[in-house]
Amino acid sequence: MSQVLVRGPQDDIVAAPPSPPPLGITAWCARIAQSRGFEITIMGAIAANAVLLGLETYPSLRSSAWLNALEWLFRALFIAEITVRLLSYGRRPQDFFRSGWNVFDLAVVAAAFIPGLHGDSAILRVVRIARVVRLMRFMPGLRTIVTALLRSLPGVGGFLALAIVTLYVYGMGGWLIFAEHQPEQYGTIGRAVLTLFVLLSLENLPDLIEQGIAISPWTLVYYISYVLITANLLVNILVGVIINSMEEARRLEQEEASGSSEAVETVPVRGDPVVIDQRLGDLRRLLDELEQDLADRDGGSTRPDREPARG
């Protein structure tokens with residue numbers, strides 16, 4: 001380990017003891033949890049676990065002993081991952097639960113050990129499939145999309161309320177107009193709303209328009225207004241809400257990344273006394289050189305009448 005040179009009491013350069021490296025299980029776990037190799041290993045394990053789940057869909061392989069052994073191997077690996085991440089927080093394990101991804105990972109891993117979930121139960125299979133979703137944690141692009149979707153939920157809720165009201169109003173109108181002639185599509189409010197919901201894809205629009213014209217040409221006003229309001233206006237509102245949430249999520253992620261990098265740069269400098277002593281020694285040396293340059297410029301006169309800088 002390299003030594004740090006600082007200025008001693010008599011302005012002599014002495015070798016300061018090197019700063020001790022961080023010790024303990026906390027620093028070791030933090031170093032592992034922040035390493036790229038650790039993330040790649042966990043991503044590979046999640047991908048391999050997804051392949052294992054796919055192989056279990058084949059009846060000839062479902063009861064294989066080696067697949068069961070691999071499942072327990074993946075469980076042990078994921079438990080070790082959560083343990084390393086939790087221990088990396090040291091004396092503040094509560095900070096582990098401030099991250100939504102940490103809580104999700106812990107819930108998915110711990111759910112496999114709930115009493116009663118064993119064998120081929122459907123709930124256990126759902127829990128195991130949820131492990132694949134953990135890949136989003138290690139992919140910034142997918143993580144941003146998920147964050148944007150979560151932030152767009154209030155706006156999407158308003159959109160759904162508007163869409164339900166629109167479908168109900170047009171459903172009642174369709175029931176009044178077409179109930180006698182098209183009972184299969186508009187015989188009840190439920191069938192009318194279902195027909196209009198399917199119409200959002202515009203696939204059956206030509207057939208419905210043809211059937212409506214056979215009743216009255218004025219039915220074109222009904223279908224054209226519905227298409228303009230729902231298939232165009234409402235869909236564009238939904239796209240706008242999601243895009244706005246995407247921009248907010250990307251901005252927040254950039255702010256968090258910049259804030260964490262600034263913290264990493266400032267905390268070690270502010271808290272390391274060896275680095276502070278080294279910088280003070282550099283400042284004293286620069287001050288002495290500046291005084292010597294001023295003395296030489298004045299014609300070789302002595303330094304100003306002042307005490308020399310002491311360590």
Side-chain angles (χ1 to χ4, degrees), residues 25-89 93 95-153 242-243 245-246 248-250 252-254 256-257 260-261 264:
I25 189 66
T26 298
W28 183 76
C29 291
R31 188 163 54 250
I32 293 179
Q34 296 173 1
S35 64
R36 183 59 179 171
F38 181 76
E39 293 184 356
I40 294 176
T41 301
I42 300 302
M43 289 178 61
I46 295 175
N49 184 70
V51 174
L52 176 65
L53 293 175
L55 292 177
E56 290 182 355
T57 60
Y58 295 90
S60 59
L61 299 176
R62 186 173 302 172
S63 59
S64 177
W66 64 273
L67 288 181
N68 188 31
L70 286 177
E71 166 62 19
W72 282 101
L73 176 62
F74 286 128
R75 288 188 184 185
L77 181 60
F78 294 143
I79 291 175
E81 174 208 357
I82 297 298
T83 303
V84 169
R85 293 188 185 278
L86 186 59
L87 292 178
S88 65
Y89 288 87
D95 293 344
F96 174 85
F97 299 95
R98 293 183 179 180
S99 172
W101 288 108
N102 289 340
V103 176
F104 176 76
D105 292 346
L106 179 61
V108 170
V109 174
F113 297 93
I114 296 178
L117 295 183
H118 56 82
D120 294 334
S121 60
I123 300 179
L124 179 59
R125 290 187 176 275
V126 172
V127 170
R128 294 174 62 190
I129 293 173
R131 296 176 186 171
V132 183
V133 184
R134 298 183 57 213
L135 282 173
M136 296 182 181
R137 178 193 182 107
F138 306 99
M139 298 180 180
L142 289 178
R143 191 168 60 245
T144 302
I145 293 175
V146 173
T147 304
L149 292 177
L150 293 177
R151 294 185 63 85
S152 66
L153 289 180
I242 295 177
I243 291 177
S245 301
M246 187 78 69
E248 291 182 1
R250 187 178 293 109
L252 289 175
E253 187 171 352
Q254 292 176 353
E256 291 178 358
S260 61
S261 63
V264 170

The side-chain contact (heavy atoms from CB on, under 4.5 Å) partners of I82 (sequence neighbours excluded) come to F96, D105, L106, V109
Hey, what's the ring geometry for F74 with F78, parallel, tilted or perpendicular (30° and 60° as the breaks)? parallel
Hits for side-chain contact (heavy atoms from CB on, under 4.5 Å) against D95, two or more places apart or cross-chain, chain-then-number order -> Y89, R92, R98
Sorted by chain and number, sequence neighbours left out, side-chain hydrogen bond (donor to acceptor under 3.5 Å, both in side chains) with E81 holds for R85, R134
Using residues 38-51 as the side-chain source, report each donor-acceptor pair under 3.5 Å to any protein atom, sequence neighbours left out, with the distance given to one decimal.
residue: E39; atom: OE1; partner: R36; partner atom: NH1; Å: 2.9
residue: T41; atom: OG1; partner: G37; partner atom: O; Å: 2.8
residue: N49; atom: OD1; partner: R131; partner atom: NH1; Å: 3.3

Scanning both residues in full, the closest heavy-atom pair of P93 with L86 reads O-CD1, 4.1 Å
Smallest heavy-atom separation, C29 atom then L87 atom, equals SG-CB, 3.7 Å
Closest non-hydrogen atoms of W66 and L55, given as atom of the first, atom of the second and distance, are CH2-CD1, 4.2 Å
